[in-house]
Amino acid sequence: MGDDKVRNQINIFGTWLDNVGSEEAFEFCLSPAAERDASVLTGFPSLHPIFSSRVYPDYAGLYEDFDLVLNDGRNIARIARLLGERFREKRIAGMDFLPEFVRRAGREGASLFVICGSEVTRDRLVEWLPSASCKREQLVGTWVPPFLKSVSLDDLRGVIEYIEKTQPDIVIVGIASPKQERIGALLKKHCSGNMSIVCVGGALETAVGAIPIGPQWIRDLGLESFYRFSREPKRLFKRYLVFNLLIFPFGIGAVFSRFFRDEKFGRTRVRE
């Protein structure tokens with residue numbers, strides 16, 4: 001993780017995911033800015049952004065600029081086992097990680113800047129922070145981006161100036177993938193300071209109560225996407241139903257590449 005630590009990673013459909021435990025992830029994301037040489041970027045991909053990075057040319061290499069890429073799906077862990085590898089934890093879900101992350105940030109007095117997907121989420125965020133043991137004054141800024149079909153540096157100049165003024169310790173990006181990953185990468189590249197940028201997607205909406213969270217048994221089975229689809233079928237049809245069907249052709253291709261062509265899918269690599 002990061003430039004000065006060894007990264008043990010597993011390749012899932014062309015995306016390298018870090019094989020770490022939750023405590024290592026918390027330590028990395030909350031490491032003091034003085035201990036870092038630059039901003040660090042963390043993501044929690046599910047299958048949807050992983051597939052997007054293969055299907056859409058604009059999102060190719062989506063996680064190349066990330067310093068920590070965590071497995072946010074039990075189906076990803078199942079694919080890894082099918083390909084002969086195993087994650088140390090079956091998943092490090094953003095919806096489980098975020099509340100504890102904010103609690104620890106609150107305890108350490110870290111300042112937060114949060115990018116929200118809607119005004120409702122932003123309003124609920126302000127109300128939720130005290131219940132997460134984080135003082136409201138630690139929230140130094142928020143931004144609700146307009147709807148963007150694609151994300152460019154020009155789209156972010158205003159929020160970059162805002163972040164430059166507030167100099168937060170942590171930037172939480174809680175909008176839809178794969179746009180949030182592109183935003184996170186641009187912020188890392190163009191904002192000064194040593195921030196910890198954490199892309200949590202819909203975990204922000206569920207944490208603050210803007211959207212309902214599925215029952216525990218559904219989460220244990222890795223079926224959150226189907227639960228959310230049942231509640232918003234029109235909006236989530238392409239994201240959850242169409243994209244999830246890609247697991248079959250991608251899975252067959254990955255198994256063939258791994259075991260018959262000796263290619264990288266399912267391989268483990270260690271990077272400095």
Original post:
Does anything in residues 140-165 pair up under ring-ring contact (aromatic ring centres under 6.0 Å, His included), and if so which pairs, sequence neighbours excluded?
Top reply: Phe113-Tyr162

Subject >> Backbone of Gly158 reached by a side-chain donor or acceptor of Glu161 within 3.5 Å >> reply: no

Original post:
Lys188: what forms a salt bridge (charged side-chain N to carboxylate O under 4.0 Å, His left out) with it, not counting sequence neighbours?
Top reply: Asp67

Original post:
Excluding sequence neighbours, so at least two apart, what forms side-chain contact (heavy atoms from CB on, under 4.5 Å) with Asp65?
Top reply: Ala185

Original post:
Under 3.5 Å, is there a donor-acceptor pair linking the side chains of Ser39 and Asn194?
Top reply: no

**OP:** Check side-chain hydrogen bond (donor to acceptor under 3.5 Å, both in side chains) between Arg157 and all other residues, then give those that pass, not counting sequence neighbours.
**Re:** Asp154

**OP:** Using the test salt bridge (charged side-chain N to carboxylate O under 4.0 Å, His left out), find all partners of Arg136 that sit at least two apart in sequence or belong to another chain.
**Re:** none

Original post:
Can you name the residues that form a salt bridge (charged side-chain N to carboxylate O under 4.0 Å, His left out) with Arg104, not counting sequence neighbours?
Top reply: Glu23, Glu100

Original post:
With sequence neighbours excluded, what pairs up with Asn19 under the side-chain contact (heavy atoms from CB on, under 4.5 Å) test?
Top reply: Asn8, Ile10, Phe87, Arg88

Original post:
Of all residues at least two apart in sequence or in a different chain, which pass the salt bridge (charged side-chain N to carboxylate O under 4.0 Å, His left out) check with Glu137?
Top reply: none

Original post:
Taking the inter-plane angle between the rings of Tyr56 and Tyr59 on a 0 to 90° scale, is it parallel (under 30°), tilted (30 to 60°) or perpendicular (over 60°)?
Top reply: perpendicular

Original post:
Mind checking what makes side-chain contact (heavy atoms from CB on, under 4.5 Å) contact with Ala207, not counting sequence neighbours?
Top reply: Leu98, Pro99, Trp128

Original post:
Glu108 side chain to Ala105 main-chain N or O, any donor-acceptor pair under 3.5 Å?
Top reply: no

**OP:** Scan side-chain atoms only and decide if Arg107 and Ser133 contain a donor-acceptor pair under the 3.5 Å cut-off.
**Re:** no

**OP:** Could you pull out all residues at least two apart from Asn71 that satisfy side-chain hydrogen bond (donor to acceptor under 3.5 Å, both in side chains)?
**Re:** none

**OP:** Tell me, please, which residues at least two apart from Ser131 pass side-chain hydrogen bond (donor to acceptor under 3.5 Å, both in side chains).
**Re:** none

Original post:
Of all residues at least two apart in sequence or in a different chain, which pass the side-chain contact (heavy atoms from CB on, under 4.5 Å) check with Glu127?
Top reply: none

